Amino acid sequence: MKKIILASALLGVLAFGGDQFAMSDADRAMYEEMLEHNPADMDIAWGGELFEANIGSEEALAKFLGVKAEELAVYLSGFPRYIEKLGMVASQEQVLQGAMAEAGKKPLALKSKEMAAMGAYVKSLSNGLPVSIDINANEHMKKAYALGDVVFNQQRGGRGLSCMSCHAPAVIGSILRTQPLPDLGSEANKAAATWPAYRMTKSNLTTLQKRFQGCMENALLAVIPMGSPEMNALEVYVTHVAKGKEIAIPGLKR
Amino acid sequence: MQRRSFLKGIMMTGAAAAVVSPSLAFSAEAPKGPNAMDLDTAIKAITGGKSVSASDKVQLKAPEIAENGAVVPVSVTVDSPMSAEDHVKAIHIFATKNSNVRCADVMLTPANGTASFSTRVKLGSSQDVMALVVTSKGEFLSAAQNVKVTIGGCG
Amino acid sequence: MATKSLVKIKPKTYKVGDVVEVSLMVMHPMETGLRKDKESGKLIPAHYINDVKFSFNGTPFTTIKSWESLSTNPVYTISYKVSEAGEIKVAFTDTKGEANENGTKITPKA
């Protein structure tokens, strides 16, 4: 019984989560079926309009990124990437901001609904392709991955929790308030390949970074800003866990 | 052994408090909206007081445990030939303990081919979800399923 | 801006005589009138889709009266028996009287 030591409150919930309050497989299947009618499909359609209005076309985005238009989808499946033009390991949304700025437009805020929709649309261009992040592509990516490792594992806040507290191999599958703690890289979750996703508890399209912020808030950790080096590093780390998994945007999450 | 069952008892109480009480608290003070209507009134408005029989021709699917009351999938399928002479005219969905029990009144025709309707409902507390089906022969058939609403997961 | 919505047919290919699923999804708050604004503390007035009409080539075949208990961004899925090529239109109205329409072509395979 020498599992990772958790804060007592969390341990309490895990210990008696047990069978009684776990959702049945039939129930879970019903929720999974809902993916066929994912309200976020409407955000993707809207995101396509925003993309056209703000960036112009796939060709324009490919040009900004310095890749051939026909290679864009594969290239996009490898984000976050080190982008020389921006001088940083950037999330795909930051690249869209850069492309807007270059076109003389005021970039959409990372936390805006518009950016979530436009970003999800652009990510959906890679649907069906495997997540192809390369953490060894260059020194910048290596550093970002190392930093992401720290962010993921560092215990912070009043309860001394880290991402690892709920997503470590030792606790994955335990039930926390009816829900099994997910293995972020598993075929069922493949987290990075299925975000942005529609969150049923929030009734909106949510990005991976926004989800990280929600976790931090609820676990009483200081919230890391979207687009910061630490947040991008965390996205690199979690995306690498889902490397090779098929991209399917938008996801549908509880 | 005794200590163990004692602990287990405490834990169960704790679990119930943690998982169930938020929804119970909510239901206790559920305010009445402008459309407030209870189940009996809503059913009577449709049947005019005629009897309703539970029928296995009506299949209602909903989760036994909804981990979030805001989005609960509900689907109803009725075994019916959907012919001009014999078809389902209406499927009514009720959330039996919401302040307004009515969720949707679906008027069908033979052109539907199959009598079915699915949607997602908000449930203010644990309760039965019920389907009331009206056939072209003037029958009133029903099916119901209990859905336990919890506040699941974190965030 | 018009209310965003989507109409889908499942499965993607079908022939005359098949029963398909037709669904309407709408981006709509479906306010119950029982929820308070977090900042002002005032009740947010009820605002929900109360009327949905499905028609094929101009002939209505399913009408739905819906209430505030449907989830935010609601989904309505019904069946439809394909009779011929044509167009399904879905008209929906909310309690503020905003009327919208969306639709999809029905193209049965031979």
Side-chain angles (χ1 to χ4, degrees), chain B residues 26 29-37 42 45-46 61 66 68-78 80-83 87-124 127 129, chain C residues 8 10 14 16-26 28-36 43-84 86 88 92 95 106:
Chain B
F26 180 70
E29 50 190 87
K32 295 263 184 263
N35 296 326
M37 184 181 277
I46 293 161
K61 251 176 76 180
N68 162 27
V71 186
V72 181
V74 176
S75 81
V76 178
T77 309
V78 191
S80 163
M82 291 307 273
S83 62
H87 60 271
V88 169
K89 281 169 72 179
I91 298 174
H92 303 270
I93 311 260
F94 300 125
T96 57
K97 278 190 187 164
N98 279 4
S99 130
N100 172 13
V101 298
R102 296 165 292 181
C103 298
D105 306 302
V106 185
M107 306 300 166
L108 301 173
T109 60
N112 289 107
T114 300
S116 76
F117 176 64
S118 48
T119 189
R120 292 152 199 181
V121 302
K122 296 195 274 260
L123 300 180
Q127 57 184 284
V129 173
Chain C
K8 274 195 189 175
K10 192 188 136 188
Y14 44 82
V16 169
D18 286 356
V19 175
V20 295
E21 266 185 10
V22 186
S23 48
L24 168 73
M25 273 192 282
V26 188
H28 200 284
M30 300 300 276
E31 286 294 348
T32 57
L34 305 171
R35 210 165 64 93
K36 279 180 183 163
L43 280 179
I44 302 169
H47 179 209
Y48 54 90
I49 293 168
N50 56 354
D51 188 73
V52 180
K53 199 174 262 118
F54 292 79
S55 53
F56 178 73
N57 287 351
T59 308
F61 63 90
T62 304
T63 54
I64 300 172
K65 192 170 182 186
S66 69
W67 302 86
E68 67 274 24
S69 283
L70 292 196
S71 302
T72 304
N73 303 328
V75 183
Y76 304 82
T77 305
I78 55 159
S79 300
Y80 177 70
K81 189 169 184 177
V82 177
S83 55
E84 57 178 322
I88 285 185
F92 55 96
T95 47
I106 290 288

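All heavy atoms count here, side chains included; hydrogens, waters and symmetry mates do not. Being a predicted model, the structure only gives us computed values, none of them experimental.
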Check your understanding: Which bit of B:Val72 is near chain C, if near means a heavy-atom gap under 4.5 Å: side chain, backbone, both or neither?
Key -> backbone
Check your understanding: Do any of residues 72-84 of chain C come closer than 4.5 Å to chain B, heavy atom to heavy atom, and if so which ones, in number order?
Key -> C:Thr72, C:Val75, C:Tyr76, C:Thr77, C:Ile78, C:Ser79, C:Tyr80, C:Lys81
Check your understanding: Of the backbone (N, CA, C, O) and the side chain (C-beta and beyond), which part of C:Phe56 lies under 4.5 Å from a heavy atom of chain B, both, or neither?
Key -> neither
Check your understanding: When only pairs under 4.5 Å are counted, which of B:Ser118, B:Gly113, B:Ala115 shares the most heavy-atom pairs with chain C?
Key -> B:Ser118
Check your understanding: Which one of B:Thr109, B:Asn35, B:Ile93 has the most heavy-atom pairs closer than 4.5 Å to chain C?
Key -> B:Asn35
Review point. Does B:Lys122 reach the main-chain N or O of C:Met30 with its side chain, forming a donor-acceptor pair under 3.5 Å?
Key: yes
**Study point:** Contacting region of B:Ala70 [heavy-atom separation from chain C under 4.5 Å]
**Key:** backbone
Practice item. Let me see the working for B:Asp105 and C:Trp67 under side-chain contact (heavy atoms from CB on, under 4.5 Å), right down to the final yes or no. Key: CA-CA 9 Å; B:Asp105 306 302; C:Trp67 302 86; 3.0 Å; yes
**Study point:** B:Asn112 versus chain C, the contacting section by heavy-atom distance below 4.5 Å
**Key:** both
Check your understanding: What part of C:Glu21 lies closer than 4.5 angstrom to a heavy atom of chain B: side chain, backbone, both or neither?
Key -> neither
Check your understanding: Can you name the closest pair of heavy atoms from B:Cys103 and C:Ser69 and give their distance?
Key -> SG-CB, 3.7 Å
Revision key, fill the gap. Of all heavy-atom pairs linking C:Ile64 and B:Ala104, the shortest is CG2-CB, 4.3 Å
Check your understanding: Listed by chain and number, what are the ring pair (Phe, Tyr, Trp, His ring centres under 6.0 Å) partners of C:His28, not counting sequence neighbours?
Key -> C:His47
Revision key, fill the gap. Distance col, row B:His92:NE2 vs C:Lys65:NZ, nearest 0.5 angstrom, shows 10.5 Å
